[in-house]
Amino acid sequence: MISHSIWQEIYNTLLITYGNQHWWPADSPDEVIIGTILTQNTNWKNVEKAIAALSKEDACSLEAITKIDTDMLARLIKPAGYFNIKAKRLKAVATALLNYHPDRNHPEDARRFLLEINGVGPETADSILLYAYQIPTFVVDAYTKRVLSRLGMLSAGSEYEEIRQKFMKHLPGDAQLYNEYHALIVRHAKECCLSQPNCEKCVFNHQCNYRESQ
Ligand code: SF4
């Protein structure tokens, strides 16, 4: 049986190894929300170009997104790809969240509200709750699945909600901890635990199921 503290130990090791990641890289909660839509199916460099284009036109806020012409919005966010779809999603998100204040006492209600918005799936909803509103919900992505399943903490076929619940069951409900933990997993997956992992230089190579099986 896995000890609860292993989840915390992995976090501690990642933090010692990589340091604080200062997520989410944005100047405002509105920019976080916009970034969560733009980053769907693309890399962060492309998101930065789209954010820069929006900022140049004073359009990097939920209020501005509700007012801007949809075609114009699509042109500005073109570097992020899928720009027509993302322009519609940004409009839907901005309209829904412009005057929205989530109830911190009922985070699952807030999550359900977000999941009803067009184009908002679990990863986007949890990213908005955690990084824009500082509500403690764990963000799961492909990097999370890869790293934690290799470490033997998840089975390979684990689904999003099962993984989210697992993190939240084994860790205190602390938004700053979840913020940093997710960011550190992404850093580790990009730097060391790649598709072809660099196990030789990995801090977990003495305790990793995947490494031992190679
Ligand atoms: S030892 Fe290898 S597979 Fe395991 S976490 Fe580290 S890089 Fe990933």
Side-chain angles (χ1 to χ4, degrees), residues 1-26 32 35-49 80-82 107 111 121-132 134-214:
M1 188 178 142
I2 293 167
S3 150
H4 289 199
S5 65
I6 290 179
W7 298 80
Q8 186 73 47
E9 281 168 22
I10 290 171
Y11 170 78
N12 294 345
T13 302
L14 287 168
L15 187 62
I16 289 166
T17 306
Y18 298 111
N20 195 296
Q21 300 301 296
H22 306 289
W23 273 37
W24 181 287
V32 173
T36 65
I37 299 297
L38 293 176
T39 199
Q40 294 172 346
N41 301 308
T42 193
N43 65 52
W44 189 252
K45 285 226 172 308
N46 293 335
V47 175
E48 285 178 330
K49 287 179 197 162
Y82 302 98
R111 191 169 188 267
E123 185 182 337
T124 303
D126 290 322
S127 296
I128 291 172
L129 288 172
L130 182 62
Y131 290 106
Q134 287 80 49
I135 288 176
T137 178
F138 207 91
V139 178
V140 176
D141 62 2
Y143 297 129
T144 316
K145 290 182 189 174
R146 183 204 292 164
V147 174
L148 275 295
S149 64
R150 284 175 173 175
L151 286 173
M153 305 297 285
L154 307 170
S155 51
S158 298
E159 298 291 339
Y160 188 102
E161 186 58 15
E162 181 190 342
I163 299 170
R164 185 178 81 98
Q165 293 291 346
K166 224 168 198 177
F167 273 97
M168 293 171 68
K169 183 176 157 200
H170 292 298
L171 294 166
D174 177 344
Q176 187 49 42
L177 171 66
Y178 293 178
N179 171 329
E180 198 62 54
Y181 207 149
H182 174 69
L184 285 164
I185 289 169
V186 172
R187 173 82 184 267
H188 183 62
K190 287 184 171 176
E191 200 155 304
C192 193
C193 197
L194 306 149
S195 303
Q196 292 295 320
N198 189 352
C199 300
E200 287 303 320
K201 66 169 235 186
C202 179
V203 284
F204 299 113
N205 65 14
H206 58 289
Q207 62 182 93
C208 177
N209 283 12
Y210 182 92
R211 161 80 161 161
E212 282 170 13
S213 70
Q214 298 306 295

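Counting starts at 1 for both ligands and their atoms, following the listed order.
Between Phe167 and Phe138, the ring planes are parallel. Angles under 30° get that label, and only those over 60° would be called perpendicular.
The Arg150 neighbourhood of ligand 1 comprises atoms 3 (S), with distances under 4.0 Å to a heavy atom of that residue.
Atom 4 (Fe) of ligand 1 has Cys208 SG, 2.3 Å as its closest protein atom, hydrogens excluded (heavy atom only). Of the protein's heavy atoms, Tyr210 CD2, 3.4 Å lies nearest to atom 3 (S) of ligand 1. Here the protein heavy atom with the shortest distance to atom 6 (Fe) of ligand 1 is Cys202 SG, 2.3 Å. Protein heavy atom in closest approach to atom 8 (Fe) of ligand 1: Cys193 SG, 2.4 Å.
Within the 2.8 Å limit, Cys199 places no N, O or S atom next to atom 4 (Fe) of ligand 1.
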Show your working on side-chain hydrogen bond (donor to acceptor under 3.5 Å, both in side chains) between Glu200 and Asn205 and close with a plain yes or no. CA-CA 7 Å; Glu200 287 303 320; Asn205 65 14; 5.5 Å; no

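Residue His188 places a heavy atom under 4.0 Å from ligand 1. Ligand 1 is approached by Asn205 to a heavy-atom distance shorter than 4.0 Å.
Aromatic ring centres of His188 and Tyr143 lie farther apart than the 6.0 Å criterion allows.
Inspection of the Asp126 and Tyr160 side chains reveals an N or O donor paired with an N or O acceptor under 3.5 Å. Side-chain contact annotation: Ser155 with Ser158, donor-acceptor N/O pair under 3.5 Å present.
Exactly one of Val147, Val203, Leu184 qualifies for a side chain to side chain contact (heavy atoms under 4.5 Å, CB included) with Leu14. That residue is Leu184.
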